[in-house]
Amino acid sequence: MKLMGKVAVVTGGLRGIGHAIAVALAEEGADLLIAGLSMGRAAQTEREIRALGRRCVVVQADVADEAAVKGMIAHTMQYFGGLDILVNNAGIAPFKPIEEFTAAEFARVLDVNLKGPWLCAKYALPVLQRRGGAIINITSASGHYGGASSGGSAYDASKGGLRQLTYALAAEFGPYRIRVNAIAHRHRAARWAHRSGECRTRNRTHAVAPAGPLSGRRQSCSLSGL
């Protein structure tokens, strides 16, 4: 178990890719705080992680809400006393023609998919600085190749922004021994993972900070950002 004794926060970790990442981290020995909006699978997920012999707490949090993000990090410190890994996975993906989007809908996509990871990184930084660690931003191939899917103006823009945020944070956080990476899934793989609850190695990893490694890698769900 390469992550024994480590503490991880996974946003959007109750379903799909986020759930698969949470399970993979637990199987490698990490204790987990999982944040989500819909709590329908909270108890089931807690049981699943604890059955692997790891501690797990599930909290309800909207990553676009600054107070909620502060509370999420505070809960992590309260329950576990530290933080080593932050996985910014929470996101929304409405696809429709631009003429059907409202400005409020566009803003909500950017708030969740881009401002959310920025807030999480901002408030995780003082905790991660204590012993170094890793941040993984879950982006998308759509952030590299805008227009890959019809109606993706808001989603593609948000994921492209998240890619650039990853580069910026990698440079800024590197001196604190905090690695920042982006794992970009292909859209088809994301849909498949949502149905199956699994995440295969169909990912690409980008933007590695110049800091020492925090070990952890598995075959069925890539943790290469660690």
Side-chain angles (χ1 to χ4, degrees), residues 3 6 8-13 16-18 20-22 24-25 30 35 61 63-64 66 69 72-73 76 83-93 108-129 132-149 152-187 189-190 193 199 201-217 221-226:
L3 299 179
K6 305 297 184 182
V9 167
V10 181
T11 67
I17 290 174
I21 291 171
L25 289 166
V63 297
E66 187 171 10
V69 172
M72 179 184 73
I73 299 300
T76 304
L83 176 63
D84 303 284
I85 303 162
L86 168 65
V87 181
N88 285 315
N89 171 74
I92 56 175
R108 176 61 179 169
V109 175
L110 266 64
D111 279 350
V112 174
N113 295 0
L114 182 55
K115 187 178 82 172
W118 184 87
L119 286 171
C120 291
K122 173 181 172 65
Y123 290 107
L125 175 60
V127 181
L128 289 170
Q129 281 179 314
I135 297 175
I136 303 174
N137 295 324
I138 305 302
T139 61
S140 170
S142 296
H144 298 259
Y145 313 105
S149 299
S153 60
Y155 181 78
D156 293 0
S158 70
K159 291 300 185 178
L162 183 56
R163 181 191 183 199
Q164 296 307 314
L165 176 65
T166 303
Y167 284 117
L169 294 181
E172 185 173 346
F173 287 13
Y176 303 116
R177 298 178 299 113
I178 301 169
R179 293 178 50 158
V180 185
N181 296 278
I183 297 179
H185 64 75
R186 296 192 177 107
H187 192 60
C199 173
T201 51
R202 304 184 190 181
N203 301 318
R204 295 179 180 176
T205 305
H206 304 272
V208 181
L214 179 68
S215 64
R217 182 171 59 89
C221 183
S222 173
L223 299 180
S224 54
L226 300 178

Nearest heavy-atom pair of [X] and [Y]: which atoms, and what distance?
X: Gly18; Y: Val10; result: O-CG1, 3.8 Å
X: Lys159; Y: Ile138; result: NZ-O, 2.9 Å
X: Gly13; Y: Ala22; result: O-CB, 4.3 Å
X: Gly12; Y: Asn89; result: O-ND2, 2.9 Å
X: Val63; Y: Leu119; result: O-CD1, 3.5 Å
X: Arg177; Y: Gln129; result: NH2-O, 4.2 Å

Exercise for the section: Go through the structure and list residues passing side-chain contact (heavy atoms from CB on, under 4.5 Å) with Ala154, not counting sequence neighbours. Expected result: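 Ala154 satisfies side-chain contact (heavy atoms from CB on, under 4.5 Å) with Phe101, Phe106, Val109 only.
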Practice task
Identify, with sequence neighbours excluded, every residue that meets side-chain contact (heavy atoms from CB on, under 4.5 Å) alongside Ala121.
Solution key: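 side-chain contact (heavy atoms from CB on, under 4.5 Å) check on Ala121 returns Ile135, Leu169, Phe173.
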Handout entry: Value rounded to 0.5 Å, distance of CD1 in Ile183 from CD1 in Ile136
Key = 5.0 Å
Fill in the blank from the handout: Rounded to the nearest 0.5 Å, the CG atom of Leu83 sits from the CG atom of Leu128 at a distance of 4.5 Å
Handout entry: Heavy-atom check, side chain of Ile85 versus side chain of Leu25, under 4.5 Å
Key =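 Ile85 reaches Leu25 side chain to side chain.
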Problem - From Asn88, Thr139, Asn137, residue fulfilling side-chain hydrogen bond (donor to acceptor under 3.5 Å, both in side chains) relative to Thr166 - result: Asn137
Exercise for the section: For residues 112-124, pull every pair meeting side-chain hydrogen bond (donor to acceptor under 3.5 Å, both in side chains), keeping only residues two or more places apart or in separate chains. Expected result: Glu66-Tyr123, Asn113-Ser158
Problem - N/O donor-acceptor pair under 3.5 Å between Ser140 side chain and Ala184 backbone - result: no
